[in-house]
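All residue numbers in this chain count up from 1 along the given sequence. Remember, it's 1-based here, ligands and their atoms both numbered in the order they're listed.
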Amino acid sequence: MAEIGGSLVFVGFMGAGKSRALRRAGEAGIDGADTDALLEQELGMSIPEFFEREGEQAFRRREAELVLRVLGEDHEAVALGGGAVLSEEVRRALSGHTVVWLRVPLPELWRRAEGSKRPLAADREAFERLYAEREPLYRRLADAALLSADATGEALESLRALRSLRDVRLIWAESGSGHYPVWIGPGAIGSAPRPDAERWFCITDTRVAELHGDQLGIDGPAIEVDPGEGSKTFELAGEVLRELAERGVTRSDCIVALGGGVVGDFAGFCAAVYQRGVPVLQVPTTLLAQVDSAYGGKTGVDLPDAKNYIGAYHQPTAVIADTETLRTLPAEELRSGFVEVLKTALLAGSSAWSRVRSIERLEPTGLEEIVFDCALHKLEVVAADERDAGVRATLNLGHTVGHAIETAGGYERYRHGEAVGLGLLAALRLSEAEELREEVGGLLGRHGLPTALDGAVDTEEVIAAVGRDKKLTSRGGGFVLLRRPGEPLVRQQVDPARVRAAVEELR
Ligand SMILES: NC(=O)c1ccc[n+]([C@@H]2O[C@H](COP(=O)([O-])OP(=O)(O)OC[C@H]3O[C@@H](n4cnc5c(N)ncnc54)[C@H](O)[C@@H]3O)[C@@H](O)[C@H]2O)c1
């Protein structure tokens, strides 16, 4: 984690845009050093030439020497070659700096590298292997993640602020309708910078108000709703909107959504429609909200018969996920949030899946990396598809049947995460992923989550609610299925008899 001060050091795989990020920083007047360019000058030849003449080992030696020297100089920004982090000495030296990971998806990296003269990009398989080897290093070292080099200019103020924060990491979120900082870490509520606003108005629930309300340091009373899904209604939103008007809230002010996914969705919705949109700062306090719902701008309320039927896309101006707040979370809420972690790991595959499947015991501490990884996955998906036209639909894995179970249970019988856990089992049945279904069932059981529907929820009502969920698009939303971890398939039409069988099997 970054100590106070140091350079902004751009790292990432070949083709991620480290030199480009440095140029963007340069356009904002920042002095920078590009170690690959300096190395070519020093070697008197191009890197591919040196590689060919002297081999990789000799190259890595020269590279590490130069990088260590540059990191000891006083540059405000430095770009490293993709393999520089392989040196343990370099990794150690980076602990005194703020490491900015340019995180670009593998297919895009290959598209950029294919056919180039890069010595390690000759064939795709070797390229992918190298990526799998290095990606965990970048991930571990990163104090900040950017999804594109071109975001550097906009993110610069936040990156500079990060240099004076301890234990807090930053992801710069991008989407068609808004870019914003996401701060993650213990104590972030008190330390992370807040967006500019004339005044702040907090919307929260009574439980969170009591536990964490004073941490925000906002003058004036918060608007409090009852805890739980029952508050996500159109009627209550009407009352809160009137309250905002009575308090004289304007577009120069900022709403703060302090709480779990319910408050985030509800307050985000109020912010989206009040005066056609006022800024909202999301401050998630449940695991579910920190790993998933606070990001990506989906806001809304429920109808009695259908979940999230009224809503709007409204990106936050910032997200502050203070992992310390999870310490007060009841165990059952922690478990419920774990299901979204599990879902993300199933979608992301590889190392994320390996890590989550091996969690023996859920604790409310030490979750910073999981929160960071899940947030990053979600933000990457949203950056590629803000409005659910393609890849974002993958995030609904387990949610079609999950939402239907929540609705059929009157939003009271099951927590969101618990219902989604059951929905995951149904989705894996429909995916014909037998072994995986068994393993996921085992994981749910291990963490005390339900693996079977109880008698309080009627099968017919679940099936009717699945039908309504699928009508969300005129073509029918279809299901998200999973071939194997990391390989989701969206908009899959499934024979209704198989859906019925998958729900009945949950009995
Ligand atoms: N917008 C999205 O993209 C998205 C994604 C996933 C889920 N969601 C929505 O999220 C909602 C579920 O969110 P949730 O599981 O966070 O539920 P929640 O907001 O109801 O919170 C669960 C309970 O935990 C309490 N709580 C919150 N923070 C606490 C803390 N730090 N310590 C102690 N208690 C605390 C709350 O008072 C509440 O009783 C659902 O409505 C779901 O539809 C939205």
Which N or O atoms of ligand 1 sit under 3.5 Å from a protein N or O, and how far apart is each pair?
| from | atom 1 | to | atom 2 | distance (Å) |
| --- | --- | --- | --- | --- |
| ligand 1 | 1 (N) | Asp265 | OD1 | 2.9 |
| ligand 1 | 1 (N) | Lys298 | O | 3.0 |
| ligand 1 | 3 (O) | Lys378 | NZ | 3.2 |
| ligand 1 | 13 (O) | Gly261 | N | 3.1 |
| ligand 1 | 16 (O) | Gly261 | N | 2.8 |
| ligand 1 | 16 (O) | Thr286 | OG1 | 2.6 |
| ligand 1 | 19 (O) | Gly261 | N | 3.1 |
| ligand 1 | 19 (O) | Val262 | N | 3.0 |
| ligand 1 | 28 (N) | Thr285 | O | 3.4 |
| ligand 1 | 28 (N) | Thr285 | OG1 | 2.7 |
| ligand 1 | 31 (N) | His212 | NE2 | 3.4 |
| ligand 1 | 31 (N) | Thr285 | O | 3.0 |
| ligand 1 | 31 (N) | Thr325 | O | 2.9 |
| ligand 1 | 31 (N) | Thr328 | OG1 | 3.3 |
| ligand 1 | 32 (N) | Thr328 | O | 3.3 |
| ligand 1 | 32 (N) | Thr328 | OG1 | 2.7 |
| ligand 1 | 37 (O) | Asp205 | OD1 | 3.2 |
| ligand 1 | 37 (O) | Asp205 | OD2 | 2.7 |
| ligand 1 | 39 (O) | Arg207 | NH1 | 2.8 |
| ligand 1 | 41 (O) | Glu229 | OE1 | 2.5 |
| ligand 1 | 41 (O) | Glu229 | OE2 | 3.3 |
| ligand 1 | 41 (O) | Lys232 | NZ | 2.8 |
| ligand 1 | 41 (O) | Lys307 | NZ | 3.2 |
| ligand 1 | 43 (O) | Lys232 | NZ | 3.1 |
| ligand 1 | 43 (O) | Lys307 | NZ | 2.7 |

Just by distance, with hydrogens left out, do [X] and [Y] show a side-chain donor and acceptor under 3.5 Å apart?
X      : Y      : answer
Gln215 : Glu324 : no
Ser148 : Glu174 : yes
Glu340 : His399 : yes

Exam field: side chain Asp373 to backbone Ile370, donor-acceptor pair closer than 3.5 Å: no
### Query
So, Asp302 side chain and Asn308 main chain: donor-acceptor pair closer than 3.5 Å or not?
yes
Answer yes when Arg111 and Glu108 have at least one side-chain N-carboxylate O distance shorter than 4.0 Å, and no when they do not. yes
